[in-house]
Every structure is written in C-alpha cells, then in structure tokens.
Protein chains: 2
Amino acid sequence: MRNVAKLELPLDQVLVGDCIELIRGLPDKSVDLVFADPPYNLMLDKGTRAGTLRRPDQSVVDGVDDAWDRFADGGSTAESYAEYDRFTRAWLFEARRILKDTGAIWVIGSYHNIFRVGVALQDLGFWMLNDVIWRKSNPMPNFRGRRFTNAHETLIWAARNEAQKTYTFNYDALKTLNDDLQMRSDWLLPICAGGERLKGDDGNKAHPTQKPEALLYRVLVGCTHPGDVVVDPFFGTGTTGAVAKRLGRHFIGLERDETYAGVARARIEAIEVGDDAPLSVTRSKRDEPRIPFGHVVERGLIRPGTMLFDQRRRWGAKVRADGSLVTGDATGSIHRVGAHVQGAPACNGWTFWHFEHQGSLVPIDFYRSRLRAELGAAH
Amino acid sequence: MRNVAKLELPLDQVLVGDCIELIRGLPDKSVDLVFADPPYNLMLDKGTRAGTLRRPDQSVVDGVDDAWDRFADGGSTAESYAEYDRFTRAWLFEARRILKDTGAIWVIGSYHNIFRVGVALQDLGFWMLNDVIWRKSNPMPNFRGRRFTNAHETLIWAARNEAQKTYTFNYDALKTLNDDLQMRSDWLLPICAGGERLKGDDGNKAHPTQKPEALLYRVLVGCTHPGDVVVDPFFGTGTTGAVAKRLGRHFIGLERDETYAGVARARIEAIEVGDDAPLSVTRSKRDEPRIPFGHVVERGLIRPGTMLFDQRRRWGAKVRADGSLVTGDATGSIHRVGAHVQGAPACNGWTFWHFEHQGSLVPIDFYRSRLRAELGAAH
DNA sequence: CGCCGGTATGAATCCCGAC
DNA sequence: GGTCGGGATTCATACCGGC
C-alpha cells in the first residue's frame, strides 16, 4: 500500500511554483517528513542610507532584502505579523495534511518568526518533540554593539499528531554521530561557507540563506529511514535534496524561483552516490569551553570587591562586577592589569593573580579548573 | 521626578498574591526592567494529567487556588492553549504598562510555552532584541531515548517599544565579562544545584525550578544600572531579588505562594552587601565626555598649521586655528575630511589622523585621552 | 609547499545627543 | 519631532598573492 502511494508522488523532483498550490497537489498522508526553512520576515529597514548596515571598516553588509521575505509591504508591523501568520498557517496546514500519521516536521527560524511558527504548529495540532538550537561557530557579529551576537537559529521538531508515539527517531545513530554521547538539543555547526556555498555566474552567493548540509544530515539521519520521502516546501538551492540523495532518502522540492530551482537540480544531479560509499560530512565542532574570568565572578566564586594579589603581595587589585580589575591607575582584564602593574608587555592573569584563603594565597586559576571540569561535560 | 515615582514603589519587597492583581497596583511607566519566569501549561494525556500546570522540569505547580485552577478545567488542548494565552497576555500587558519607555523585559521558558510568550510579546508591541539560549552544562538526560536531551531553555529580551533605541545595554561590561569578546546569544551555565539550591525543612528542594544566580547576574549586569528597579512577577524563591541586592539594584517580587515568598525573604535578608562593593563596570566610550578637536588646538597641544596624516601616509591635511582640517579640495571637521579623502561614508577622525612625533605617527586620540584624564581628575 | 598578511563576508529587526 | 553631524562599532573563516 505504501509503495503504491509512493509511485504517485513526484519523487526526487523540484517543482516550481507557489508552495501552497504545489503542496495541494500532493496526496493526504503520503510522506514521512517535512523539512521547512520558510522566510523569516526580517523586516529590515533597508533602502535608506540610515538603514544600511556597515561593518566598522565601512564595508556594506549584504543582508536579506529579497521580495520573498517581505510581508505586507509598506504596512504596519501588526499587518506584517498578520500576513505572515496567514501564510504560515496555510502552508503548515497542507504540510500536516500530506504527512503520514507517523510523520513529523522540522522548521527552522530565528526570533523574528520562530515564535509565530511555533504557535501555528501547536494550534494546528502538531505535537512538539523538541526545539533544537543550531549554534553557529562563526556567526556574523553585532557590528554596532547594541545587542548580543545573534549566534544561533532555532529548529522545531514536531510530530504530526499528539497521540503519535511512533515517529522516527534513530536514537543510536545519533548517539554514534555524537561520539557515543546522547545527542543534546544544542548543535554546534559552522555556517555554510567556502566550497559548500553555491555561487552564481557572477561569483556572488547563489542564495542568501543556504543552510549547511551538516544540519540536514543530522535531521535526516535522526528522523528518517532509507527510502523515506522528505518534502521541502522552501527548497531554495536544494540542501535538503542533496543530503537526502546522499543518504538514500527521496525528496520532493517545492520552489517558487526558477533560478534557485535550476541551481538545485544541477547541484543534486552532480552528486554521485556510491552503493556503499562512506558518507562524509562536516563533523560537529568540538566545543572547548573557554572560561573568561568574568564567569568566575558571575558564578559567585569570587565576589565583586574582592582584592587579588600577586604571589609576593607586591601589587593588589580589586575585582569589579564585570570581571575587570581596578588598581590605582589602571582598569581592565586580569591579563592587562597584571601586565600593567609589572610594566610587562603581557601577563597570564590566571597564574599571576591570587585570592586569599585562610591566610594563604591561591591562584585564581584554581577556579578556572573547577569551572572547566563542570562545564566540560556539555559538548 | 523619577525619585518621587520610585518612592511610591514597594521597593525590595515580596508581595504575596495573584501577580496580575498585584502588578495592577504599580504605577504606569515606573520601572526599568521586568524579569519573568512564568509557569507553563503542559498538556499531557487528557483525563489523567490534563491541563496540569507544570514547569519546564515537569514539576507540578500546586494549584492551591483558582488563579491556577482555571488551567485545570479538563478542556481540550486548544482550550488549554487559549486559556494560557489569555493569562500570558494579561500579565504581559500589565508588565508593559509599568515599564518606563526606556524599559525592557526578559522572559524565560521552554518549548512548551516560549512560543506563545513570544507571539504575545510581539502582538502587544514589545520589540524583540534577542532570543538567548541558556545551555545547561548538566541537564537531565532523556532516559527513554525517544527525543534529544532537553539541554537548554530560551530567554527573550525585548524592549518596551519598537521605536525605542535607548534601552539599557552595557555592551562593554558584557564584553569584559566574556574576556573581551562580544557576548553571544548562547550562554553556557550549570543548572542550580549544590549549595545554591535552597532546601526546605524536609531536605527536599524548596522550589522546583529555582534558576541559577549566574543567569540573573548576566541579565542584570547587562541590562540595568545600579539603582534601577526590577520587577519579577513570578518571584518564587527570589533569585532575581538575591542577585539584584548583590548588584545594588532594587527589586519588587510578586509571588502567589506564601511559602515561597517566605523562603525568598529569608534568603535575601541573609545576603550581606559590603558598602564598598564595586558595582561599577567597564564604561562605554559613548559615555565618555565629548571633547571637540578644537579643544586640543585651543590648548596648544596641536598648533594650527600642523600636518596630520593617516596611518600609511596616503593622505595629509593641515590643522587650522578653529580645529578644522584643510586638504587640497576639502575643508571640515577631522571626521568629514577623513571620510572625504577616503571616499568613505563616515570616519572616526580621532583614530584616522596622526601627528608626527620623533619620526613616527601617533593618533590624535592620544591628546583626547589626555584631556579626558584631566577632566576626570578634576571632579 | 607552507606561512603570513591583507581582504572579503555571513538570515541583521545594529547610534544618539544637540539644537 | 526632525535634522544634523560627531564619532563608535566586529568574529570566525576562507581565499588570494607574495615570498
């Protein structure tokens, strides 16, 4: 029965057109997974000179300003949300319709849109299994120093039905992929750049938001079986299709832009799949926790106001709330202030500075080791 | 004016009662920050644990009275969401009302509720600044192996108003706290355990979802000034109050459970804060007193007629008596002329232009620092 | 071939006070 | 409230050219 339905599907093809119309052409309860990277509705104030974001070296940041990311053009913020909600519920409704009862969905987004996507999923009857954080090892910084570096995106993994307990989850495969540790909900992966990033004829990026294959690899290894059918309603340049082909899964790509679709077809066509070729993917980045001195303060191990001394008590400095040190004539990190008092070009503040404990001096590195041991478990 | 309003506030107190009723007693636009860790509505198997109000660790919030019982009416999933949405919008509406125009809010939650909270924030007119991921270094493993280890919680940071650009963000303090690297949106911190975890008389944990003080430390150091007022509508055992006291901020705690409120009061009372605890943090350059280049000339540090050069001596300009610069085809401020010669849209003249000293080039910012040091010594 | 320095770039809701 | 203009602001990685 399952195979009959599968034969009716446009397997391993890229269909060009409006995703909602195209998805309506697919039969009920016929596919295993939906992976979706919908527009984020960024609402950037571009076009004006004031709206142009520049790096400190004055180069211009090439942000996303494509028509497909604009909702309620020229309207108010509230209209933009409303229009985005209508669009989101429409495609999610169809996505749920075509999923088998055992099916599941993944959606990726940022704080601009992911909360609206999450509510739509819940309201339509999907059942959330996890939210997963893609931590970017090399995100774009915040150039103006007005916010935190936007260093992650959020994925939601949800089963079609609340009652459904038989969604696919290859626990052991993921554990193996993660060096025999249970896979956590935070994934550290680099952004898509370098050789993997597709370029157009002009040498510029072919798509503004191409996702890394490693991200899709983890999703498809973990949540599908070989031969399963994965639908991507926002196919773009076909990362989902490329990884599906490598992993022996079927894909159906829906894409509105003929140029993107063409790039995707060529990309997927070029992939050679050996029968038993080992699959090579970007390995997950190993997370070596760096311990700033500020974390020691923030954790309450050393209080603001505490005096630190060098081994021979020649110099002293007071700890401030943000982990900087103050002496009579200098302020800065443990390293810079250590260098300053000695008149040295550099200094390792971790071994130079000591705190007092029962009359004796202990290097502050004592606390770094402790935090390393504690935080090292999370990778 | 601001102080008059502050005197009317129940500063550094824990008020017991329904948070929506209590918050209605606070005046409009009177507080600087709201930090909230709201309960959430976990919908499990209907009929058994239906609609039970649970926290992210799945502990049950005891429904002693009816504020919470309204969630436990055994309705459908959709009804349960609707009820939760009404509750969320009610307290967020009041939170926004009491915030100053320059105010901001932090809310923490998990995938069960954070999407609904996020949409409510956006719909009420808050403007999202970041979502921040608290990565737990020691999360509870997923024992059944059916999902990813739920290793994070999500915080949303939002300004009261979309147009508001003057929310408090101590960028430089946070950068210092993070070893001089811009703070990212993913924070690695352990869960609250060990000595920090409050225990009841029976030796069990006093509160099921006590947050680590380090989490609040980072929020309050980054997003408030000393003396600011922070409201926590779901005070629990008072982590927000404890950290606020340590950092010299005022708190107002709202808590419906008298037992939690009592634990919180005792906890905060026991905190000793030295008078000289340095609450100051690394200052932003934006806060430094402004020194016009003309003052450098007027003080005779650089004489009219002096030639200035960029670092690589590609361009030169002559200083005039009024502190303007002249090149072959332009005249103006150090910034304007610097931008003009480079063909750049903007330029920081203080770091771009250099004077000659014993054959090498020194940035004119050298003299600005000197004047600022004089001003600092004068007060 | 490797190393080193300069350059390019990534889903971005990115300034603020004085007049 | 609008305009003007001072001057503050970035991290990881890839690529390229020169040596």
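For the numbers below, each heavy atom of this structure counts, side chains included, while hydrogens, waters and symmetry mates do not. Worth saying up front: this structure is predicted, and the values here are computed from it rather than measured.
Nearest nucleotide to the A/P56 side chain, out of D/dT10, D/dG7, C/dA11: D/dT10. The side chain of A/V61 lies closest to C/dA12 when the candidates are D/dA8, C/dA12, C/dA11. In the set C/dA12, D/dA12, C/dT9, C/dT9 carries the atom at the smallest distance from any side-chain atom of A/D57. Of all nucleotides listed (D/dT13, D/dT10, D/dA8), D/dT13 comes nearest to the side chain of A/S137. The A/I191 side chain lies nearest to C/dA11 when the options are C/dA11, D/dT9, C/dA12. Proximity note for B/Q182 (side chain, C-beta onward) versus D/dA12, D/dT10, C/dA11: the nearest is D/dT10. Side-chain atoms of A/S59 lie closest to C/dT9 of the nucleotides C/dA11, C/dT9, C/dA12.
Considering CG of A/D131 and CZ of B/F115, their distance stands at 4.5 Å, rounded to 0.5 Å. For the atom pair CZ of B/R370 and CD of B/E374, the computed distance is 7.5 Å after rounding to the nearest 0.5 Å. Annotation: the span from B/L174 atom CG to B/R184 atom CZ amounts to 14.5 Å, rounded to 0.5 Å. Here the straight-line distance linking atom NE2 of A/H112 with atom CG of A/N41 works out to 9.0 Å at 0.5 Å rounding.
Residue A/R54 has no polar side-chain atom (N or O) positioned under 4.0 Å from OP1 or OP2 of C/dT9. OP1 or OP2 of D/dA8 has not a single side-chain nitrogen or oxygen of A/R144 nearer than 4.0 Å. Between B/N348 and the phosphate of D/dA8, there is a side-chain N or O to OP1/OP2 separation shorter than 4.0 Å. Under 4.0 angstrom from either OP1 or OP2 of D/dT10 there lies at least one side-chain N or O belonging to B/K175. A close approach under 4.0 Å does not occur between any side-chain nitrogen or oxygen of B/H335 and OP1 or OP2 of D/dG6. Side-chain N/O atoms of B/R368 include none lying less than 4.0 angstrom from OP1 or OP2 on D/dG6.
Contact annotation for A/T209: base contact, defined as any heavy-atom pair under 4.0 Å involving a base atom. Base engagement by A/Q58 is indicated by at least one non-hydrogen atom pair under 4.0 Å involving a base atom. Nucleic acid contact for A/N150: sugar-phosphate only, since backbone atoms but no base atoms lie under 4.0 Å from a heavy atom of the residue. Within the nucleic acid shown, A/P38 comes within 4.0 Å of at least one base atom, counting heavy atoms only.
Comparing A/W68 and B/R312, the nucleotide of DNA chain C nearest to each residue sits closer to the 5' end for B/R312.
Computed from coordinates, the A/K136 NZ to D/dT10 P distance equals 19 Å when rounded to whole Å. Protein atom CD of A/E153 is 7 Å distant from nucleotide atom P of C/dA11, rounded to whole Å. Rounded to whole angstrom, the span from the CG atom of B/D179 across to the P atom of D/dC11 amounts to 12 Å. What separates CZ of A/R55 from P of D/dT10 is a distance of 14 Å, to the nearest Å. One can place CD1 of A/I114 at 16 Å from P of C/dA12, the figure rounded to the nearest angstrom. Here C/dT9 presents its P atom at 9 Å from NZ of A/K205, a figure rounded to the nearest Å. Here D/dG7 presents its P atom at 9 Å from CD1 of B/I291, a figure rounded to the nearest Å. With rounding to whole Å, A/M43 atom CE is found 15 Å from C/dC14 atom C1'.
A/R116 forms no cation-pi arrangement with A/F87, by the criterion of a distance under 6.0 Å to the ring centre and an angle within 45° of the ring axis.
Aromatic ring centres of A/Y260 and A/H207: separated by under 6.0 Å. Between A/F251 and A/F235, the gap from one ring centroid to the other is short of 6.0 Å.
B/L371 and B/V296 get closest at one heavy-atom pair: CD1-CG2, 3.9 Å. Taking all atoms of both residues into account, the shortest heavy-atom contact from A/S137 to A/P190 is OG-CA, 3.2 Å. Nearest heavy-atom pair across B/D310 and B/L361 is O-CD1, 3.7 Å.
Classified by interplanar angle (parallel below 30°, tilted 30° to 60°, perpendicular above 60°), the ring pair A/W187/A/W106 is tilted.
Taking only distance into account, the side chain of A/K211 meets the base of C/dA11 through a donor-acceptor pair shorter than 3.5 Å.
Stem regions for DNA chain D, each three or more consecutive Watson-Crick or G-U pairs with both distances under 3.5 Å and listed by first number, read C:2-10 with D:11-19, C:15-19 with D:2-6.
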Please write out each protein N/O paired with an N/O of nucleotides 16-19 of chain C under 3.5 Å, distance rounded to 0.1 Å.
from: C/dC16; atom 1: OP1; to: A/R146; atom 2: NE; distance (Å): 3.4
from: C/dC16; atom 1: OP1; to: A/R146; atom 2: NH1; distance (Å): 3.0
from: C/dC16; atom 1: OP1; to: A/R146; atom 2: NH2; distance (Å): 3.2
from: C/dC16; atom 1: OP2; to: A/R146; atom 2: NH2; distance (Å): 3.4
from: C/dC16; atom 1: OP2; to: B/K165; atom 2: O; distance (Å): 2.8

